[in-house]
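Here the structure is laid out as structure tokens; the discussion comes afterwards.
Worth knowing before you read on, the calculation uses all heavy atoms, side chains too, and leaves out hydrogens, waters and symmetry mates. A note on names: the letters A, B, ... follow the listed sequences, proteins ahead of strands, and every chain is numbered from 1.
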Protein chains: 2
Amino acid sequence: MKSEHIPKATIKRLAMYVQVLETLKREGSQVVSSELLARTCSVNPSQIRKDLAYFGEFGVRGVGYHVQDLIYSIKHSLGVDRVWKCALVGVGNLGKALLRHQDFKFRGFDIVGAFDCDPFKIGEEISGLEVVCTRRLKDAVKELGIEIGLITTPVNRAQRAANFLIEAGVKGIINYSPAMLTVPADIYVEYVDFFHHFYSVAFSITLDRHQERLGSNDEADEDD
Amino acid sequence: MKSEHIPKATIKRLAMYVQVLETLKREGSQVVSSELLARTCSVNPSQIRKDLAYFGEFGVRGVGYHVQDLIYSIKHSLGVDRVWKCALVGVGNLGKALLRHQDFKFRGFDIVGAFDCDPFKIGEEISGLEVVCTRRLKDAVKELGIEIGLITTPVNRAQRAANFLIEAGVKGIINYSPAMLTVPADIYVEYVDFFHHFYSVAFSITLDRHQERLGSNDEADEDD
DNA sequence: CAGTGTGAATATCTTCACAGCC
DNA sequence: GGCTGTGAAGATATTCACACTG
């Protein structure tokens, strides 16, 4: 692996390539060119080649990429060719939804602990997982080998949840609350904002209508 | 509104500013500087000023931004100062989760129709919404004034769901399935990939461990 | 040849630095 | 005085173009 800095956008695209490649595989494709993959993903072919080049040379010149191999190579490069155990803190609406949405497990992210500090929630069972007091987080992380924490608490509890998770030894956090977290430099936080997609669509429609009203020259913009 | 092209990243950040500003408001702040807002959001202060400048001059020199006004100005600029009605197609695990997660409504995105083509699901009620046959989508979109479609079908049904939505007159689509959609130029599609956050965190942890093992010089990388 | 891998060119986004205003 | 708004500079990411190889 070349150790230049890898753009975040590249990681995002690689995740997409895996999804698309898995569809292609299911449909029986053995080999795919950057050209075809690019068209399917609405990106530029050299973009794909560049993205892959960060991690190695996976293609065969004059032929393309072997689909199954490429899936594995990308997953291996990203470190998602194994199971990652996760703990979820905050069993509200969203937390429950994530616990029930067991596609995560299927894709290698297994939520093995659900935590909340509300005594009324403790003991409840969701998708076969018992909700446990947040105070027991530290032990659970150690016992179960949890490496990633998911924060689905209300915004005002998010920092506290983060502190608990970090103290327990988790190395990465996915924060579904709108709180911005303060964490040590060696903890990686990924912020998830469900709403920004809604905002983008709403904005885009609004913009379109404005332009229509102005009868301006329409400039069909690509999705990225 | 200046009508240069507005970066997608700007929209994403504006959505974040709104969230953070709403927290500040709740905590009693009346006024905020780009400096403070920037620190809270882990971005550069001029970034914030640039992002806002696309839409107007909302600040007061020497003072900062009035929190409540700024929230409203951003929302108005993005077109999210009103209710957008949405239809959801595909009432599986994920679809149900979104239907139950009624924060969307609170933030101005009201899911008023749930559709599925599975006869066993039709008639089921989720969060007070009856699941209806996808064939009745077109009428519902007209009757209820639906403008945005959410696709939560399995990957192989996503394109069909998109076709239904577009035919019904929806202008924007949020696609939660991993399918890449083919749509007319005037339909805006936003792709949501839950997994890429997991992939990013996993990759980041993996990378950290590699670097540790190499005992290399650590370069604490900023989160963006 | 057809299609990858990659340096060089271009386009885009971010940050700096400071003029302008309250 | 302090903080916004913005052109210019710098950094980053994307695309082109072509050498290279199975």
Nearest whole angstrom, please: distance from the [atom2] of [N] to the [atom1] of [X].
X       : N      : atom1 : atom2 : value
A:Ile6  : D:dT12 : CD1   : P     : 15 Å
A:Asp51 : D:dT12 : CG    : C1'   : 14 Å
B:Asn44 : D:dA9  : CG    : C1'   : 14 Å
A:Ile48 : D:dA13 : CD1   : P     : 18 Å
A:Asp69 : C:dT4  : CG    : P     : 15 Å
A:His5  : D:dA13 : NE2   : P     : 6 Å
A:Gln47 : C:dA9  : CD    : C1'   : 15 Å
A:Phe55 : C:dT4  : CZ    : C1'   : 18 Å

Taking the ring of B:Tyr72 and the ring of B:Phe58, is the distance between their centroids below 6.0 Å? no
Between A:Arg13 and B:Phe58, who's closer to the 5' end of DNA chain D by nearest nucleotide? B:Phe58
When the nearest nucleotide of DNA chain D is assigned to A:Gly62 and to B:Ser34 on a heavy-atom basis, which residue is associated with the more 5' position? B:Ser34
Would you say that more than 12 heavy atoms from the other residues, nucleotides or ligands in this model lie under 6.0 Å from the CZ of B:Arg157, or not? no
Among [options], which is the nearest nucleotide to the side chain of [X]?
X       : options                : value
A:Glu57 : C:dC16, D:dA13, C:dT6  : C:dT6
B:Ser46 : C:dC13, C:dT15, D:dA17 : C:dT15
B:Tyr65 : C:dA17, D:dT4, D:dA17  : D:dT4
A:Arg49 : D:dC3, C:dT15, C:dT6   : C:dT6

N/O (side chain, B:Tyr54) to phosphate O (OP1/OP2, C:dC13) under 4.0 Å: no
Side-chain N or O of B:Arg61 closer than 4.0 Å to phosphate OP1/OP2 of C:dA19: no
For A:Lys50 and for A:Val63, find the nucleotide of DNA chain C with the closest heavy atom, then tell me which residue's nucleotide is more 5'. A:Val63
Any side-chain to backbone donor/acceptor pair from B:Thr152 onto B:Val89? Under 3.5 Å, distance only. yes
Do the side chains of A:Glu35 and A:Arg39 get close enough for a salt bridge, i.e. N-O under 4.0 angstrom? yes
Can you tell which of A:Tyr188, A:Phe104, A:Trp84 makes a ring-ring contact (aromatic ring centres under 6.0 Å, His included) with B:Phe198? A:Phe104
